[in-house]
Structures are given as structure tokens and as C-alpha cells.
J.: 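Right, I'll just put the structure down here and ask away after.
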Amino acid sequence: MKIRLSEYNEKWIEMFENEVRLLSGVFGSEIIKFEHFGSTAVKGMKAKPVIDMICIVKDINKMDAFNDQMRLLGYDVAGEWGIKNRRLFRKGGENRTHHIHVYQYNNPEVERHLVFRDYLRNHPIEAERESNLKEELALKYDDTTFYSKAKRTFVEGVEQWALNWFRNK
């Protein structure tokens with residue numbers, strides 16, 4: 001899939017909120033809460049214009065029962081997609097608009113994602129560094145697979161700083 005980077009867009013917040021309302025009607029009482037994460041959740045960051053959402057649920061094993069409903073809403077059902085005890089739903093085909101990462105409330109991936117988001121929100125210089133790296137990589141790579149792999153070392157380093165920052169707050 002081709003890399004599409006965009007300047008920060010205030011409409012991303014509205015897109016998140018609209019999807020929360022839609023998915024709340026699907027998942028109902030299984031939901032504990034939704035969180036907007038990733039670059040579209042950090043004001044001022046350049047991002048692939050795909051809204052990354054975490055849906056925290058009571059029981060991850062009950063989520064597969066919603067696959068048909070999600071398909072009817074235009075979502076691709078990707079299952080765990082390489083992360084144990086997660087369910088991934090992707091909307092928009094080649095022009096994706098949303099990624100829904102569903103985790104059970106006690107999954108450590110939730111904290112990792114949210115601490116990283118909060119760190120970037122509180123450290124605009126780091127957010128700018130990541131934006132600049134994304135621009136460089138988008139010029140270098142045509143495919144998201146190679147782009148994501150090249151970005152991984154930077155992200156893992158910032159994740160460590162973010163976790164230390166969070167623990168020392």
C-alpha cells in the first residue's frame with residue numbers, strides 16, 4: 001500500500017468520535033472505553049490519515065462474534081494480525097480511514113500505546129522528530145511494509161523514553 005502522509009487535520013478528532021458512536025452500537029456493553037492513539041491523535045503531527053483507535057473490552061474472546069457486523073460496516077476483519085490477544089479491524093480498503101485495535105482491559109499493549117501517545121503530546125520536539133522521519137521515509141519507500149520497518153527503531157527508542165517518563169511522573 002502506498003504511503004500517504006498528511007498535515008495534522010482537526011477533522012481527525014471528529015472522525016474518531018463518529019466511529020466511537022458507530023462502534024458503541026455494535027459492541028454495546030462489551031466496551032469499557034475507546035481511545036484515539038497514533039499520530040492522528042497528536043496535534044501538529046504529520047500522519048498517514050488513518051484513525052487508529054483502541055477499543056478496550058471486557059472479554060477479547062467475545063469479539064469474534066461481531067465479525068459479520070463489522071464486515072457489513074465496511075471493515076476488513078484481520079483477527080490477531082500478529083499481536084496475540086488483539087483483534088484488528090481495518091476500514092477503507094486501499095484508502096484506509098480507520099484501524100480498530102481491540103484489546104481486553106488487562107492487555108499491556110494498551111498502556112504502551114497510550115503512554116507513547118501521551119509522551120508525544122507532552123513533548124512536541126519528539127513529535128516533530130517523528131514527523132520529519134516519516135517524511136524522509138515516505139520519500140524513500142513506496143510501500144507501508146518497508147516504511148513501518150524502517151520507522152520501528154526510532155519508535156522503540158521513543159517508547160522507552162515514554163515509559164520512563166510515565167513511571168517517573
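These numbers were taken from a predicted model, which means no experiment stands behind them.
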J.: Does anything in residues 54-69 form a salt bridge (charged side-chain N to carboxylate O under 4.0 Å, His left out)? List the pairs, not counting sequence neighbours.
T.: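 For residues 54-69, and leaving out neighbouring residues, the salt bridge (charged side-chain N to carboxylate O under 4.0 Å, His left out) pairs sorted by first residue read E30-K62, D64-R87, D68-R71.
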J.: Please confirm whether the backbone N or O of R96 pairs with a side-chain atom of R4, one donor and one acceptor, at under 3.5 Å?
T.: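 Yes; at least one donor-acceptor contact below 3.5 Å.
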J.: What distance separates S6 OG from W12 CH2, expressed to the nearest 0.5 Å?
T.: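 With rounding to 0.5 Å, OG (S6) is 5.5 Å from CH2 (W12).
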J.: Does any part of the side chain of L23, heavy atoms only, come nearer than 4.5 Å to the side chain of F89, both counted from C-beta?
T.: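 The answer is no, as the side chains (C-beta and beyond) never meet within the 4.5 Å cut-off.
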J.: Identify whether V155 and W165 are in the same connected component of the hydrophobic contact network (ILVMFWY, side-chain heavy atoms under 4.5 Å).
T.: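 Yes, one cluster joins them.
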J.: With sequence neighbours left out, what residues match R129 under side-chain hydrogen bond (donor to acceptor under 3.5 Å, both in side chains)?
T.: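 With sequence neighbours excluded, R129 shows a side-chain hydrogen bond (donor to acceptor under 3.5 Å, both in side chains) to E126, given in chain and number order.
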J.: A side-chain contact here means heavy atoms from C-beta on lying under 4.5 Å apart; do M63 and F66 qualify?
T.: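 Counting from C-beta outward, M63 and F66 do come under 4.5 Å.
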J.: For D76, enumerate each residue passing the side-chain hydrogen bond (donor to acceptor under 3.5 Å, both in side chains) test, keeping only those at least two apart in sequence or located in another chain.
T.: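 With neighbours one apart ignored, the set is R90.
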J.: Can you run down the salt bridge (charged side-chain N to carboxylate O under 4.0 Å, His left out) pairs that involve residues 15-24, sequence neighbours left out, and say none if there aren't any?
T.: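 Listed by first then second residue: E19-K91.
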J.: With a 4.5 Å cut-off on side-chain heavy atoms, are Y103 and I56 touching?
T.: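 I56 vs Y103: side chains apart.
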J.: Can you tell me if E128 has over 12 outside heavy atoms packed within less than 6.0 Å of its CD?
T.: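 12 or below, so no.
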J.: Would you please indicate if the ring centroids of W161 and H123 are separated by under 6.0 Å?
T.: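 For W161 and H123, the ring centres are not under 6.0 Å apart.
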J.: Students often mix this up, so state it plainly: with edges at 30° and 60°, are the rings of H101 and H99 parallel, tilted or perpendicular?
T.: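 If you compare the ring of H101 with that of H99, the planes turn out perpendicular.
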J.: Could you state the interatomic distance from SG (C55) to CD1 (I60), rounded to the nearest 0.5 Å?
T.: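 Interatomic distance, C55 SG to I60 CD1, rounded to 0.5 Å: 8.5 Å.
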J.: When rounded to the nearest 0.5 angstrom, what distance separates CZ in F34 from CZ in F27?
T.: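 Spacing of CZ (F34) from CZ (F27) equals 6.5 Å.
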J.: Could you check if a side-chain atom of Y147 sits within less than 4.5 angstrom of a side-chain atom of K134, using non-hydrogen atoms only?
T.: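 Answer yes - side chains close enough.
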J.: Check for me, please, whether V77 and V50 land in the same ILVMFWY cluster - side-chain distances under 4.5 Å, paths through other members count.
T.: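 No, no single cluster joins them.
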J.: Working to the nearest 0.5 Å, report the span between NZ of K151 and OG1 of T144.
T.: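 With rounding to 0.5 Å, NZ (K151) is 10.5 Å from OG1 (T144).
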J.: Do NZ/NE/NH1/NH2 and the carboxylate oxygens of R152 and E156 come within less than 4.0 Å?
T.: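 Yes, R152 and E156 are salt-bridged.
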J.: Are more than 12 heavy atoms, taken from residues, nucleotides or ligands other than F154, located less than 6.0 Å from that residue's CZ atom?
T.: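 Above 12, so yes.
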J.: Looking at CG of L22 and CG of N18, how far apart are the two atoms once the value is rounded to the nearest 0.5 Å?
T.: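 If we round to the nearest 0.5 Å, L22:CG and N18:CG are 9.0 Å apart.
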J.: Please assess H98 against Y75 for the test side-chain contact (heavy atoms from CB on, under 4.5 Å), listing each intermediate value before the final yes or no.
T.: CA-CA 9 Å; H98 294 80; Y75 278 92; 3.8 Å; yes
J.: Take a 6.0 Å sphere around CG of L139 and say whether it holds more than 12 heavy atoms from other residues, nucleotides or ligands.
T.: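 Count over threshold, so yes.
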J.: Would you give the length of the straight line joining atom NZ of K48 to atom OG of S39, rounded to the nearest 0.5 angstrom?
T.: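 Taking NZ in K48 and OG in S39, the distance rounds to 8.5 Å.
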J.: Applying side-chain hydrogen bond (donor to acceptor under 3.5 Å, both in side chains), can you list everything that pairs with E159, at least two apart in sequence or on another chain?
T.: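 Only R112 meet the side-chain hydrogen bond (donor to acceptor under 3.5 Å, both in side chains) criterion with E159.
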J.: Can you say whether the rings of F16 and H36 are parallel (under 30°), tilted (30 to 60°) or perpendicular (over 60°)?
T.: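 Answer is parallel, since the angle falls under 30°.
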J.: Test of understanding: clusters of I, L, V, M, F, W, Y form through side-chain heavy atoms closer than 4.5 Å, transitively. Do I31 and I100 belong to the same one?
T.: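 Shared cluster, yes.
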J.: Run the numbers on E109 and N85 for side-chain contact (heavy atoms from CB on, under 4.5 Å), then give the verdict.
T.: CA-CA 10 Å; E109 291 292 316; N85 295 318; over 6 Å; no
J.: Restricting to non-hydrogen atoms, name the atom on D52 and the atom on G38 that form the minimum distance, rounded to 0.1 Å.
T.: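 Reported closest heavy-atom pair: OD2-CA, 4.4 Å.
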J.: With a 4.5 Å heavy-atom cut-off, do V158 and L120 have their side chains touching?
T.: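 Contact flag for V158/L120 side chains = yes.
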J.: Under a 4.5 Å side-chain heavy-atom rule over Ile, Leu, Val, Met, Phe, Trp and Tyr, are Y141 and L133 clustered together?
T.: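 Linked, Y141 and L133 end up in one cluster.
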J.: Under the criterion side-chain contact (heavy atoms from CB on, under 4.5 Å), I'd like the reasoning laid out for N67 against M70: C-alpha separation, chi angles, the key distance, then a yes or no.
T.: CA-CA 5 Å; N67 288 349; M70 292 299 284; 5.6 Å; no
J.: Would you say the side chain of I51 lies within less than 4.5 Å of the side chain of T97, judging by non-hydrogen atoms?
T.: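 Result no, sub-4.5 Å side-chain heavy-atom pair not found.
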J.: Is there side-chain contact between R167 and V115, with at least one heavy-atom pair below 4.5 Å?
T.: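 A side-chain contact is absent here, since even the closest heavy-atom pair is not under 4.5 Å.
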J.: Using side-chain contact (heavy atoms from CB on, under 4.5 Å), reason through K46 and E130 one step at a time and then give a plain yes or no.
T.: CA-CA 9 Å; K46 291 180 179 80; E130 185 173 347; over 6 Å; no
J.: Any salt bridge (charged side-chain N to carboxylate O under 4.0 Å, His left out) involving residues 32-42? Give me the pairs, sequence neighbours left out, ordered by first then second residue.
T.: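 Found K33-E35, E35-R117.
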J.: With a 4.5 Å limit on heavy-atom distance, are the side chains of S131 and Y8 in contact?
T.: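 No, side chains not in contact.
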